[in-house]
2 protein chains.
Amino acid sequence: MTQTDPAPLPADLLPADCPVPSVPVLGSRKWAWRIIRCLEDGPRRFSELRVPLAGITAKVLAESLRSMEQDGVLVRTEFDENPPRVEYALTPLGRTLLGPMDAMCAWSRENLAGLLAARAEHERGH
Amino acid sequence: MTQTDPAPLPADLLPADCPVPSVPVLGSRKWAWRIIRCLEDGPRRFSELRVPLAGITAKVLAESLRSMEQDGVLVRTEFDENPPRVEYALTPLGRTLLGPMDAMCAWSRENLAGLLAARAEHERGH
DNA sequence: GGTGCCAGTTACTTCAAGGGAACCGGCCTT
DNA sequence: AAGGCCGGTTCCCTTGAAGTAACTGGCACC
């Protein structure tokens, strides 16, 4: 199971002098941001997550959740019911990500248009 | 040249309801954070960037720089000198990234230890 | 004429993540 | 007995970024 192996942190994680070159939990995992957002308001079960995360497959969602659980940003709780129920919730550590994420989200809201314009211009001009 | 095609923004970029699921410029490009940090204090030339970005190859650096130029976060300036000189500098748009990046960096400084602990515990306990 | 510098390029390979489709096990209802 | 629900797993394929290594072009200096 490759996805349950703790992914090695990128070698360049903390280069001693300059602050973080990448964001551990959020980098290189396409759905991580959205998953965290979906859990912001409380625990959700597997199938509840699949709805807002339109397009994600069970496989990828399961993989992402396991890796984020490993990182300690969320917890998986299995209830002994039938049909089975499994809930995912942010940990306190996971909640601390919301602040920085908001900063990034604000940046995107303000600057995404500019970024797309830059790309478009680049495509036309050359 | 695949890397000069404007990469399509991820389809899930702005899902209307919830703020940005990923960071355009910084996601999925391993060296982007560090490159921006290296330009924070002023323009640098190609070979100057290779020093602090220990381990990066000319190819990857060139690719990254071109894609970031396309996104409008930096500019490439070619001087007609010899030997050739080319400088890269952050644009105003690029500078606006520094704030959110600082927030993320602060998060990492504060919580990286906890994250590694969570991983380690996961590895032991299961 | 050979060497070096700078800023790359080109071709090839590797690797991790994502996507698609099929399948599973337990229990419940019809 | 058949089908549905939930929460997955398994296998296989594709993709995109990164890494490796060799090579380029123009000029300048020795």
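These numbers come from the heavy atoms of this one structure, side chains and all, not from hydrogens, waters or symmetry mates.
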Whole angstroms only, please: what is the [atom1]-[atom2] distance between [X] and [N]?
{"X": "Arg66(B)", "N": "dA17(D)", "atom1": "CZ", "atom2": "C1'", "result": "17 Å"}
{"X": "Ile35(A)", "N": "dA17(C)", "atom1": "CD1", "atom2": "C1'", "result": "13 Å"}
{"X": "Glu63(A)", "N": "dT9(D)", "atom1": "CD", "atom2": "P", "result": "9 Å"}
{"X": "Lys30(A)", "N": "dA17(D)", "atom1": "NZ", "atom2": "C1'", "result": "15 Å"}
{"X": "Glu81(B)", "N": "dC27(D)", "atom1": "CD", "atom2": "P", "result": "14 Å"}
{"X": "Glu48(A)", "N": "dC6(D)", "atom1": "CD", "atom2": "P", "result": "10 Å"}
{"X": "Arg76(B)", "N": "dA7(C)", "atom1": "CZ", "atom2": "C1'", "result": "8 Å"}
{"X": "Glu78(B)", "N": "dG26(D)", "atom1": "CD", "atom2": "C1'", "result": "12 Å"}

For [X], answer base if it contacts any base atom (sugar-phosphate contacts may also be present), sugar-phosphate if it contacts only those atoms, and nothing otherwise; contact means non-hydrogen atoms under 4.0 Å.
{"X": "Ala58(A)", "value": "base"}
{"X": "Ser47(B)", "value": "sugar-phosphate"}
{"X": "Phe79(B)", "value": "nothing"}
{"X": "Arg50(B)", "value": "nothing"}

- Task: Please round to the nearest 0.5 Å and tell me the distance separating atom CD1 of Ile36(B) and atom CE of Met101(B).
- Result: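 Separation between the atoms: 5.0 Å.
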- In Å and rounded to the nearest 0.5 Å, what is the CG to CG distance from Leu97(B) to Leu90(B)?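 Reported value, rounded in 0.5 Å steps: 8.5 Å.
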- Query: Would you say dG18(C) has OP1 or OP2 under 4.0 Å from some side-chain N or O of Arg29(A)?
  - Reply: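 Answer yes for this pair, as a side-chain N or O of Arg29(A) is under 4.0 Å from OP1 or OP2.
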- Task: Taking only the side-chain nitrogens and oxygens of Arg44(A), find out if one of them lies under 4.0 Å from OP1 or OP2 of dG7(D).
- Result: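 For dG7(D), neither OP1 nor OP2 has a side-chain N or O of Arg44(A) closer than 4.0 Å.
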- dG8(C) base to Lys59(B) side chain: any donor-acceptor pair below 3.5 Å?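 Between dG8(C) and Lys59(B), which were checked side chain against base, a qualifying N/O pair under 3.5 Å is absent.
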- Quick one: does Trp107(A)'s side chain get under 4.5 Å of Thr96(B)'s, heavy atoms only?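 Result yes, sub-4.5 Å side-chain heavy-atom pair found.
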- Can any side-chain N or O of Thr91(A) pair as donor or acceptor with the backbone N or O of Gly72(A) at less than 3.5 Å?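 Side chain of Thr91(A) to backbone of Gly72(A): a pair is present.
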- Of Ile56(B) and Arg45(A), the one whose closest DNA chain D nucleotide lies more 5':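 The answer here is Arg45(A).
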- Query: Taking the nucleotide of DNA chain C with the closest heavy atom to each, which residue, Pro84(A) or Val60(A), is nearer the 5' end?
  - Reply: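 The residue mapped nearer the 5' terminus is Val60(A).
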- Task: Could you check Arg85(B) against Asn82(B) and say which one's nearest nucleotide on DNA chain C is further toward the 5' end?
- Result: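 Nearer the 5' end of the strand: Asn82(B).
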- Query: Between Arg76(B) and Glu78(B), is there a salt bridge with N-O shorter than 4.0 Å?
  - Reply: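 Salt bridge between Glu78(B) and Arg76(B), a charged N being under 4.0 Å from a carboxylate O: yes.
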